[in-house]
Amino acid sequence: MKKLLILGAGTAGTMMLNKLYNALDKNEWQITIVDQHETHYYQPGFLFIPFGIYSRNDVIKPKRDFFPSGVNAIIAQIDKVEPENNRVLLNNNQVLSYDLLLIATGSRISPEETEGMKDKLWHKNIFDFYTIEGACALKNFFKHWEGGKLVLNITEMPIKCPVAPLEFVFLADSYFTGKGIRDKVDIHFVTPLPGAFTKPKASAILGDFLDKKNIKLTTDFSIGKVDNDAKKIISWDEQEVPFDVLVTIPTNKGDDYIKRSGMGDELNFIPTDKHSLRSEKYENIFVIGDTTNLPSSKAGSVAHFQSEILFENMLSFMEGREPKEKFDGHANCFIESGFGKGILIDFNYETEPLPGKFPLPGIGPFSLLEETKMNHYGKVMFRWMYWNFLVKGLELPIESNMSMAGKRV
Amino acid sequence: METVEQKSIILERDADSNLKNLSDWNKEVAVELAKEEDITELTERHWLVINFMRKEFKEKGDAPSIRRLTKESGVETKELYNLFPKGPAKKAAKIAGLPKPKGCI
């Protein structure tokens, strides 16, 4: 009996578990999945918590609800992977050997990477919204806040869901307008990038949205430290931005076991072939989602598109053939823009986000790089699709590789 | 395509206005490229970073990120920003005659 081991039961790991479980001969392959947490978080929902749109219960379910029966699921921390010995050591002293390993342990925030970030103002005036704790703490802060300087700062790239910071300021504009105190809140978007987003065309269009919504934009700002007493962030080249409340996107890193295993780059992301999704170094290790060092967005939609390619490639490997399917870097992101509207972008490694209609050319119903109510409904509907289709590994009606149909060049 | 006159050689540039051909680079070209970035003099510390970047590129096929620069070159982030104001990784790569690092998206 051969052993397939999956590390990580988040969006990508759970999707792959379900796809592979349904395809594999149970007399031939034994599947084990490892994760340190019992709870599955719908991470795209964290964004909505500070504004009271979702509550904690909307974004959590037990991981076990998504594990098929007969799968060996272990809740434990990973100590390290020994790729040369084809085994994984767990913190509970268990040792798991494997014939084929899939790594899907994601990315997490590391506020401790920046001087003064996780200090006396942490979760008092400085918040993240990439954890359930941060999002809930910020919700409580906003409830009683009477206005002042709201600064959103991205520490460094890459980050998980690169559109989330923009969505955050758009939603803040909408939220404080609804509360009747928008005139008392200065919203300031501070980024290390040269524009509002990573890709030039979308960056220009999204930059216009910031302008229209009276959100100040500061670019090329690389944070060096936080001054907790003076309440300001200071860049490496001595620019200063004062805040009353700082919403930070801290440095994103892969899990520390990757460092202990000597398998990652300087941010603990694993060097991965950007087309086949196989580890660059080890033939029997595949990597999916945020854990990879791919130059694609770290997002659930990307993991979903990768999963279909990876599924074929892992089956090929199991049958002794070369993995031939190629991932093209496809990403598809609904951007909440406030006031019940949204913007949609669709892009890959080679093609930046373009205007047009999606997924049906000329029809939609969604509009690319435009602000519409329908795009917002797409985002709202997505949570239901996520719990009922996506993590269960069921098909969604979107091609895994990007299509140019419906796009205006 | 942007080009620059350099001792009667026209040097081809890529979309980011970095050198298109690595072989066009030499120390004099570096000095000229530095001037375009408003760096009037290349000190010993500048050269330490530039040489490190070229070595990394040769070995790994990509110019290093700021994080990697700090960790491996022995030059602190603060000093990197003093040497190459605004974007150390991006600017040092340009002056070293390399394409923009992939990490700088």
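The analysis underlying the following values was restricted to heavy atoms, covering all of them including side chains, and did not include hydrogens, waters or symmetry mates. Just so you know, these numbers come straight off a predicted model, no measurement behind them.
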* Residues of residues 48-60 of chain B near chain A, each having a heavy atom less than 4.5 Å away -> none
* Worked verdict on B:Glu32 versus B:Lys27 for salt bridge (charged side-chain N to carboxylate O under 4.0 Å, His left out) -> CA-CA 9 Å; B:Glu32 293 304 315; B:Lys27 291 202 166 178; over 6 Å; no
* Checking side chain to side chain contact (heavy atoms under 4.5 Å, CB included) for the pair B:Thr70/B:Val75: CA distance, chi angles, key distance, verdict? -> CA-CA 5 Å; B:Thr70 310; B:Val75 182; over 6 Å; no
* Side chains of A:Thr248 and A:Asp128: do they bring a donor and an acceptor to under 3.5 Å? -> no
* For the residue pair B:Tyr81 and A:Ser235, confirm or rule out a side-chain donor-acceptor distance under 3.5 Å. => no
* Asked: Is a donor on one side and an acceptor on the other found under 3.5 Å between the side chain of A:Ser203 and the backbone of A:Ala196?
  -> yes
* Structure fact -> Among residues 259-270 of chain A, residues within the sub-4.5 Å heavy-atom range of chain B, in order of number, are A:Glu266, A:Leu267
* Asked: For A:Ala164, which residues count as a side chain to side chain contact (heavy atoms under 4.5 Å, CB included) partner, sequence neighbours excluded?
  -> A:Phe129, A:Tyr130, A:Cys161, A:Glu167
* Structure fact -> salt bridge (Lys or Arg N to Asp or Glu O under 4.0 Å) pairs touching residues 76-86 of chain B, sequence neighbours excluded, are A:Glu238-B:Lys78, B:Arg45-B:Glu79
* Using the salt bridge (charged side-chain N to carboxylate O under 4.0 Å, His left out) rule, take B:Lys20 and B:Glu12 through it: C-alpha gap first, then chi angles, then the decisive distance, then the call. => CA-CA 5 Å; B:Lys20 201 169 178 191; B:Glu12 262 191 280; 3.8 Å; yes
* Asked: Cation over ring, A:Lys274 on A:Tyr349, under 6.0 Å and within 45°?
  -> yes
